[in-house]
Amino acid sequence: MFSIIVPSYNRNAQVNALLASLENQTVKNFEVIVVDDCSKNVIKIDRTFAFPVKLIRNAQNAGPAKSRNIGAENAQHDWLLFLDDDDRFDDRKCEILAERITENPTVNFVYHPAKCEMVNEGFSYVTKPFQPDSLSLENMLLANKIGGMPMMAIRKDFFFRLGGLSTDLKSLEDYDFVLKLVSDSDLNALYVDEPLSLCAFHTKRSSVSTNTENTEKAIEAIRRRYVKTPQQAHNFKLNSLYMLAYPNAMNLSRKAAGYYFDMFKLSRSLKHLVIAVVTFISPKLAINLKRFV
């Protein structure tokens, strides 16, 4: 029923640990497609598993969007799931999604919350996606209230009709795909109110760069594609500031406070002002506000 697509680069041990975790799924109604994005240290699958595993190696480094598209092109099943090699699925995810899709055979997109673990801070929180009747372009330009690729399932034919992930972007590919989804009149979404993906976040991680050049380029490309009205422009400006603040916040940099203060000037929201002030005083304390908001 499902093809689980896992892009990876230079993370052989993590890929094999991920595959081992998928053996805990309560039903094995899936295949896994690992796309090695031309790793310097070639990814190898070190044993057999209780489900089919296909390993594809890109001839050159193509990035996560193209790698996911390649995985989708090689998928044997009608539904696509996406998983990063450092995230995990709840052990019941494939069973629950299969049941809900069987109960709602006309849906072409399913999404759910994620449990997000702040590893260094020692706490977790659950995301709060919007309900299907609120999945408008205006709302998603203000904030991605669906989530990233590991929080969604999509029919393969619908994925390709949307054009897959945008390979011209080097940042924000997940968000661009969400905007494609909600802009399509054929979207028939189903929300499952259970945190079926487990995502780990690390502050001060070397892979989280504060160089926002690629993000800024992606923001401009997304603005040109989707922003057509003054309200959409206002919403997207707010979200753009958040997306620029995020890598700085995750690196515990006070530079994030400037973006949050610009959000306050635009929104006049007390929440944005409080976050800006707290971030300026202590970025680590600001991260811990996620415990409560």
Side-chain angles (χ1 to χ4, degrees), residues 6 11 13-15 17-18 20-22 24-25 64 81-93 96-97 111-131 134 140 142-152 171-172 174-175 178 191-210 212 215 238-239 241-261 263-264 267 269-293:
V6 182
R11 290 168 62 85
Q14 289 86 347
V15 166
L18 172 62
S21 77
L22 289 171
N24 296 323
Q25 288 293 310
L81 304 178
F82 299 89
L83 187 55
D84 295 335
D85 59 29
D86 55 353
D87 295 334
R88 297 291 184 268
F89 283 168
D90 182 281
D91 292 345
R92 304 163 300 139
K93 176 166 178 168
I96 290 171
L97 291 185
Y111 65 110
H112 57 77
K115 182 178 180 181
C116 301
E117 181 184 2
M118 301 302 297
V119 176
N120 298 338
E121 289 69 29
F123 73 92
S124 62
Y125 64 95
V126 175
T127 61
K128 300 176 181 178
F130 281 170
Q131 295 293 321
S134 296
M140 294 302 110
L142 182 60
N144 179 1
K145 288 296 185 178
I146 288 178
M149 303 305 291
M151 294 79 151
M152 59 180 76
S171 181
L172 307 181
D174 292 20
Y175 178 49
V178 164
Y191 176 60
V192 177
D193 192 17
E194 295 192 51
L196 298 177
S197 292
L198 313 174
C199 302
F201 293 91
H202 300 258
T203 50
K204 300 288 286 185
R205 196 174 196 175
S206 59
S207 60
V208 180
S209 173
T210 55
T212 58
T215 302
L238 269 174
N239 198 25
L241 290 167
Y242 172 78
M243 291 185 289
L244 291 168
Y246 177 79
N248 291 285
M250 289 299 291
N251 272 295
L252 305 182
S253 168
R254 285 183 170 84
K255 187 176 179 180
Y259 292 112
Y260 290 131
F261 189 68
M263 290 177 71
F264 164 70
S267 69
S269 165
L270 181 60
K271 175 183 175 181
H272 293 149
L273 179 60
V274 169
I275 294 173
V277 171
V278 174
T279 301
F280 184 76
I281 295 170
S282 169
K284 193 172 184 65
L285 178 59
I287 288 289
N288 277 274
L289 288 177
K290 284 186 172 290
R291 298 173 185 262
F292 312 108
V293 298

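None of the values given here were measured: they were computed from a predicted structure. Below, each value reflects all heavy atoms present in this structure, side chains not excepted, and no hydrogens, waters or symmetry copies. The residues of the chain are indexed from 1 along the displayed sequence.
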Do Asn239 and Tyr175 come close enough that some side-chain heavy atom pair is under 4.5 Å? yes
Under the 3.5 angstrom rule, does the side chain of Tyr259 hit a backbone N or O of Met243 as a donor-acceptor pair? no
So how far is it from Met149 CE to Asp84 CG, rounded to the nearest 0.5 Å? 9.5 Å
Can a donor-acceptor pair be found, under 3.5 Å and without considering hydrogens, that links the side chain of Asn24 to the backbone of Asp91? no
Atom NZ of Lys115 and atom CG of Asp87: how far apart are they, to the nearest 0.5 Å? 13.5 Å
Look at the side chain of Thr279 and the backbone N and O of Ala256, then say whether any donor-acceptor pair between them is shorter than 3.5 Å. no
Residues which pass salt bridge (Lys or Arg N to Asp or Glu O under 4.0 Å) with Arg92, listed by chain and number, not counting sequence neighbours: Asp90, Glu194
Could you state the interatomic distance from NZ (Lys204) to CD1 (Ile287), rounded to the nearest 0.5 Å? 11.5 Å
Could you tell me whether the side chain of Arg88 and the main chain of Cys199 form a donor-acceptor pair under 3.5 Å? no
Might you point out which heavy atoms bring Asp174 and Gly148 nearest each other, and give the distance in Å? OD2-CA, 3.5 Å
Within the distance-only criterion (no hydrogens, no angle test), does the side chain of Asn248 pair as donor or acceptor with the backbone N or O of Ser253 below 3.5 angstrom? no
Looking at CG of Leu270 and CZ of Phe264, how far apart are the two atoms once the value is rounded to the nearest 0.5 Å? 7.5 Å
The reported gap from CZ in Phe89 to CD1 in Ile96 (rounded to nearest 0.5 angstrom) is 12.5 Å
Non-neighbouring partners of Tyr111 that pass ring pair (Phe, Tyr, Trp, His ring centres under 6.0 Å), sequence neighbours left out: Phe109, Tyr191
When rounded to the nearest 0.5 angstrom, what is the spacing between CG in Asn251 and OH in Tyr246? 10.0 Å
Short side-chain to backbone donor-acceptor contact, Thr215 and Leu244, under 3.5 Å: no
Taking all non-hydrogen atoms of both residues, which atom of Ser134 and which atom of Met140 are closest, and how far apart? O-CE, 4.1 Å
Does any N or O in the side chain of Asn144 come within less than 3.5 Å of the main-chain N or O of Ile146, such that one atom is a donor and the other an acceptor? yes
Between Ala257 and Ala276, what is the shortest heavy-atom contact and its length? CB-O, 3.5 Å
Which pair of non-hydrogen atoms, one from Thr203 and one from Met118, has the smallest distance, and what is that distance? CG2-CE, 4.2 Å
Heavy-atom distance under 4.5 Å between the side chains of Lys271 and Met263, does that happen here? no
Is the closest side-chain heavy-atom distance between Glu121 and Phe201 below 4.5 Å? no
Under a 4.5 Å cut-off applied to non-hydrogen side-chain atoms, are Arg11 and Asp86 in contact? yes
With a 4.5 Å cut-off on side-chain heavy atoms, are Leu198 and Glu117 touching? no
Please answer whether the main-chain N or O of Pro129 pairs with a side-chain N or O of Thr127 as donor and acceptor at a distance below 3.5 Å. no
